[in-house]
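Only one structure is covered here, and it is reproduced in the block below.
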Amino acid sequence: MRPSKSCMLFGSYHALNGIKDSVVLFHSVIGCNFGTLGPHFMNDMASIRQSSTVMSDREVIYGGESQIRKAVRLAKQLYSPRAVFVVSGCVPEITGDDIGGVCADLSSPECPVIYVPSPGFLKDEYSGYEDAGRILADLAEEGKECGGPCVNILGPAADDPRIDNDMNALRLMLGPQIRVNYVSSGCSFNDILCAGSAGLNIVIGRGTGMAERLKERFGTPYRVIDYPYGITGCDELCSAAEEAFGVDLSSVRTGFRQKTADSLEKAFSFIQGFYAMPAAVVADSARARGMERFLTRELGMDVCVRACREEMGDTEDTYDLIRGSEAAMIFGSGYEKPLAEVMEVPLIRMCYPVLDRVTLSGRSYAGVEGSVCLVEDMINETMAARNLKGGLYQ
Amino acid sequence: MYQIFFDELNTKMYPSTLLHRFGVNGKISGSIGASGEIASNVYVMIHGGVGCAYHYRNSARRRHQPFFNILSSDLTQSEIVYGGLDKLEKEARKAWERYRPDLLILVPTPVSDVLNEDLIDIAQRMRDEGMRVVAVKSELFSHRDKNYAKIRAKELAAMPFGSGDDLEIELRGCGFSELLYALVDQLMEPCEAVPYSVNIETVGWGSEGKAVLREIEAFLGECGVKVNTWLPSASVERLTKAPAASLNIVKRIHWARLMRDRFGTPYLHINDSGRYEGLSGICEFYRDIGKKLGREDIFEEAIGRRLSQTSRRCESILAKLSGYTATLICRGFQTAPYRIMHYAEDCRLNIKSIVIIVNDDMRRDVDMTEQMEQQFMDKIYSACEKYAPGASVSVNPSSSEMDAIFSGCDAVVGSNDFRYEGHGAGLIPDSTDMTGLSFESYERNLARLAERLERSSPKDELIINRFDYSPDEFTMLGNVSHTASKEMWKLMWLEKEAEI
C-alpha cells in the first residue's frame, strides 16, 4: 500500500519538537531520527534539537539502556536543555529495554527526562500525537496563573508549513484582549508547566488527548475547531473565544472582511476564475475541513474530493478518486506532487510534509494576510502550471 | 493526463473578458495565436518596429502560454522613408540561417500595411530557394471587422427558432483566419486524396475542446473516417498534406473557401446558429458529415448505436435530474432559446422560470432594434412553449421579484453571476455546463450537473461578493477607472463614427 499517514513515532515527534528549549532523543534505529529530520529541515534547518541513541545489532542483543544513558548525558551536556524527551521506536519496544526506568533514573527537576513510548507498529501518527499530548498535560503544574483571558492552542506542529506565521495570524485574530499561552507548534517547557492556567483550550483538529487530560486535571474546557482559514475560520475561532470569555470580537471580524476585500480587489477577475472550479483536498482533517470550508464558502469552489488523512487507508485509493474526478487543483502536501504532475494541475502545498518549498517570509495561510497569500498562491501556481506543449484548442 | 477544468481555470487566469472591456488586441495576435498552435519549430517574423515583436509574445490569444519564437524586421525611420522590404528579406534570411525553422511566417503590421509592402513576394522568392516561408496577407487594416457581432445578431434574430439553418458569416480581417489562409495559399500542396478523411480546424471548441476533438476522432473512426490533419494544430509536414482530405470541418470559412477553390476540398461549417445544439445537435453534426462524405447509412447506424448507448447510460441520471425544479437565467437574448432547449430537453430539468438579463450596453453592442428584440423574444417563447410549457418568462426582474422566482425552485442554472448566490436556491454556474459535439461530452455534462446539484452547498461568505462591481456587470468593478475606461473604449471603438 501507499501509506496515507506515518507511524506513532512521528506523532510523538510532532507533539514534542515545538518545545524550543528541549531535546527529542530517539531511542531507536537511526532511520527514525533521519526520517523526522528531513521534513524538519525544510521548515527550520537552523534549529536541530534531536538525536538518536543509534540502536544497532549490539543493542538488540545486549539491550540499549546504556545507550540511553550515554545519549541523555551527552544531550544534557551539549544542549543544556530544559527537558529531554526519550521517544522510543519499534526495536527497543520489541527487545524490551526498560526505557521508563532509565528515564526516571536520569530525570531531575532541572532537566526532566520523559519517556514517550512510540513504537510505530503499535499506533499511527495521529494516536501518537494524542498519547504524547497526554504526557505533556501530566507535566502541567497546579497553581500557575495566567491573569486575564488566556488560551492554549493544541494541534499544530512545528514542521507544519508556515506554522509560525499562521499562529501569529491566529494571535491577531484573537485580538489584544485574549492572551495565548501554550502553542503546541512553538513554546517553551515552562509554557507546558503553565498549560493548566488557561481558560480555554482550542484544539485545531488533533490534541484532544491533551485537552481531555487538562480538563480532568484543571477543569479547563476545550473547543475543537477546523483550521482557521479565511473569515469562516476566523468566525469559528472568535466564537469559541467569545463564548468562553464573554468578550466581543466583532470588530476583528468586520476588519477581516474589509481588509480581505481591499487586498484582493486588485486581482478580482482572477479570483472570479475560481468560482465553481472543482478541487480536491487531501490533508489532516482539520486542514482538509478548514480548507474545504474556505474554498466552498469564500471562493465558491466545488470541492469534489475531500480526503482526511486520519480516515484514509491506501493513499492510492484516494488518488484514484482524485484522478477520476474533474479536479482542476489539488490542495495537499508535497507528497501530492506526482499526482498533480500526472494530472497536470496545480498543487497548493498546505499541510505536512512539504519538501519542495520553504517559507522564510511572514506569509501565512491563516488570518487576513493568510487569505490573501493563499489566493495569491492559487493564482500563481495556476499560471506557473501552464502547459507549453501543443495547442490550446480553445 | 488532461483535466478539462484545469484548462478552464488556466483560461480564467488570463483576464480576457475584463481586458476586452477596455480594448481589443490587434489582429497580429490572431496570427500569433494560430502560429502557436502549429506543432513544429515555427518562427514568426513581424514586419514592423521592435515593439510589436516584443509585446505580441504575450498575445491575448495564448493566455499564459506566450509564443516566444517571435522575431522582428526592426523597421526604423530609414525604412519608413525608403521602404522596409530589403530589411525584411535580410532579417528573414538571417533568421532562416540562425534558427533553421520548420516554417518561417512573415506577418505584416499596420506600419507595413501603410507602406503597402508586399511580403508575399519575399516569401515566394525564399521558397523558390528551398526555404519554407509563408507570408500573411493583410485583409483589413489593424483589426478585424468590428461589425461582425452586429451583423451576426441581426441575422440570428431573423432566423426562426429551430429552423436548422446555417449561419455563414465571413469574418474579415481576423488574424487567425489570415494565417490559415496563408497556409492554404502558400504551404499546402496538391496531393493524392485519402478517401473518407477529414481535416478539422482545432480552435474554438470551448472548454472541453481537447477532449471533445479526440472523441469526435474516435466516432469518425467508427464510421470508417479518419482525421487527416488537425488544422493548424499539426506539424508543418501534416499541414502541407492537408489537401489529401475529402472534407474540411471548419469554424472559420475564409480559408476553407480558398481550399475548396484551390484543391476542391468541400467544407462543413460548424455554425453557431443552434443547428448543433444539444444531443440532437450532436447527431445532426455527424449526419451532416456523413452526408458530405456520401456515407449517410454508415453514419446513421453509428449514430443510432451511440444514441441508444447514451440513453441507456444516462437513464438514471436523467431520472434524477427530472426531479429538480430550476430557474434558468439567460444573459442576453441570442442564446436563450437554445439554453431552454438544453436544460429542459437534454438535461430534463423541470424549468419553472426563465429570466432574461439584458442591459443597455448589451443592446448597444449589437445595435439591437425593437424589431430584433421582438424577434428574439418570439424565439424564446417558441422554445418555451416547446420545451418548458408553463414556465414564466421575465426580463430584468427586480431583486425582490428575483427572490420570489428563486424561492420556487431547487436550483438556478445558466448563469455565472455569483451575485445570485445566497438567494435561496443553489446556483449551478453555467461554466460547469460545457457540452461539446461528442456523445461522451453530453454524458459527462449530465453526470456533472447531477453531482453539482447533489453537492450544492451554501456559498455565503464569497470574497468575490465583497468587491464593488459595476451595477450592470459582475466582470468589472464599479469604480471610476473601470466605468470611465469602458465607456471611453465603447465610444471610441464601437461608436467611432458617431457624433459625440
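Just so it is clear: chains get the letters A, B, ... in the order the sequence lines come, proteins before strands, and each one is counted from 1.
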Ignoring hydrogens and angles, state whether a donor on the side chain of [X] or [Y] is under 3.5 Å from an acceptor on the partner side chain.
X: Asp430(B); Y: Asn416(B); result: no
X: Asn380(A); Y: Glu376(A); result: no
X: Ser333(A); Y: Glu336(A); result: yes
X: Glu208(B); Y: Ser441(B); result: yes

- Message: Please tell me whether Phe418(B) and Tyr469(B) form a close aromatic pair, meaning their ring centres lie under 6.0 Å apart.
- Response: yes

- NZ/NE/NH1/NH2 to OD/OE distance under 4.0 Å, Glu316(A) and Arg2(A): yes

- Message: Any carboxylate oxygen within less than 4.0 angstrom of a Lys/Arg side-chain nitrogen, looking at Asp302(A) and Lys459(B)?
- Response: no

Tell me, for [X] versus chain B, whether the close heavy atoms (under 4.5 Å) come from the side chain, the backbone, both or neither.
X: Thr232(A); value: side chain
X: Leu264(A); value: both
X: Met301(A); value: backbone
X: Asp262(A); value: neither
X: Arg257(A); value: both

- Note on the structure: Taking a cut-off of under 4.5 angstrom between non-hydrogen atoms, the residues of residues 444-454 of chain B near chain A are Arg444(B), Arg448(B), Arg452(B)

- Return the set of residues passing side chain to side chain donor-acceptor pair (under 3.5 Å) with Ser250(A) (not counting sequence neighbours), or none when no residue passes. Asp248(A)

- Message: List the residues meeting side chain to side chain donor-acceptor pair (under 3.5 Å) with Tyr442(B), not counting sequence neighbours, and say none if there are none.
- Response: none

- Query: Quick one: which residues of residues 274-283 of chain A reach chain B at under 4.5 angstrom, heavy atoms only?
  - Reply: Phe274(A), Tyr275(A), Ala276(A), Met277(A), Pro278(A)

- Note on the structure: Heavy atoms of Ala307(A) and Thr318(A) approach each other most closely as CB-CG2, 3.4 Å

- Message: Using 30° and 60° as the class boundaries, would you call the ring planes of Phe294(A) and Tyr229(A) parallel, tilted or perpendicular?
- Response: tilted

- Look at Leu477(B), Thr432(B), Leu18(B), Asn465(B) and state which one has the largest set of heavy-atom pairs under 4.5 Å with chain A. Leu477(B)

- Contacting moiety of Ile428(B), where chain A heavy atoms sit under 4.5 Å: neither

- Phe474(B) versus chain A, the contacting section by heavy-atom distance below 4.5 Å: both

- Query: Okay, side chain of Thr315(A), backbone of Ser4(A): is any donor-acceptor separation there less than 3.5 Å?
  - Reply: yes

- Ignoring hydrogens and geometry, is there a side-chain-to-backbone donor-acceptor pair from Glu215(B) to Ser438(B) under 3.5 Å? no

